[in-house]
Q: 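Can you read through this structure? Questions will come right after.
Source: prediction; values computed, not measured.
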Amino acid sequence: MTDADTVDPSEIGEADAPPVEEKPYKLVFEANKCFGAGKCAEVSDNWEMDITSGMAKPVSYFFDEDDLDHNVAAADACPAKKGDGVIHVVDRRTDEEIAPDPHGDGTLSVDW
């Protein structure tokens, strides 16, 4: 991916987003790379398996501090994309990826 192709995490899903003050965290989900392991739904109440597709999906893409830990656990548990996961937790205030953060620098690690 070149710098021109880099996705700005602050732009993804923001068109209909709640105010940052109310929901400072969001999920970026690479659904096209999910293979339905269900690990996210095992560790987070925000993730549920869709019986029709066999894939997980989030109940909400935006959340506050109360739901941070279990959404981070879902991102860390995801085995897709060669272990880096396809669930990304982003702090909307800083535009940094909190989890899984495989690069270790807070940049969004989507692969599209």
Q: Are side-chain N/O atoms of T107 and E97 paired as donor and acceptor at under 3.5 Å?
A: no

Q: Run through the side-chain heavy atoms of Ile, Leu, Val, Met, Phe, Trp and Tyr, join any pair under 4.5 Å, and report what else lands in Y61's cluster.
A: Y25, L27, F29, W47, F62, F63, L68, V72, V86, I87, V89, I98

Q: Other residues, nucleotides and ligands only: do more than 12 of their heavy atoms fall within 6.0 Å of CG on D16?
A: no

Q: Among pairs that include at least one residue of residues 75-91, which meet salt bridge (charged side-chain N to carboxylate O under 4.0 Å, His left out), considering only residues two or more places apart or in two chains?
A: E30-K81, D91-R93

Q: Of all the heavy-atom pairs spanning K23 and P18, show the shortest one and how long it is.
A: CG-CG, 3.5 Å

Q: Please examine the side chains of P102 and S109, heavy atoms only from C-beta on, and report whether any two atoms are closer than 4.5 Å.
A: yes

Q: Just grab all the salt bridge (charged side-chain N to carboxylate O under 4.0 Å, His left out) pairs involving residues 55-72, residues at least two apart or on different chains.
A: D50-K57

Q: Could you tell me the separation between the CG atom of N71 and the NZ atom of K26, rounded to the nearest 0.5 Å?
A: 14.0 Å

Q: What is the minimum heavy-atom distance between A41 and M49, and which atoms define it?
A: CB-CG, 4.1 Å

Q: Quick one: side chain to side chain donor-acceptor pair (under 3.5 Å) partners of S53, sequence neighbours excluded?
A: none

Q: Is any side-chain heavy atom of D101 less than 4.5 Å from a side-chain heavy atom of E96?
A: no

Q: When Ile, Leu, Val, Met, Phe, Trp and Tyr are grouped by side-chain heavy atoms lying under 4.5 Å apart, directly or through other members, which residues fall in the same group as V43?
A: none

Q: With sequence neighbours excluded, give me every side-chain hydrogen bond (donor to acceptor under 3.5 Å, both in side chains) pair touching residues 34-45.
A: S44-H70

Q: Minimum heavy-atom separation for C34 to M55, with atom names?
A: O-CE, 3.0 Å

Q: Taking C-beta and beyond as the side chain, do H88 and L108 meet within less than 4.5 Å on heavy atoms?
A: yes

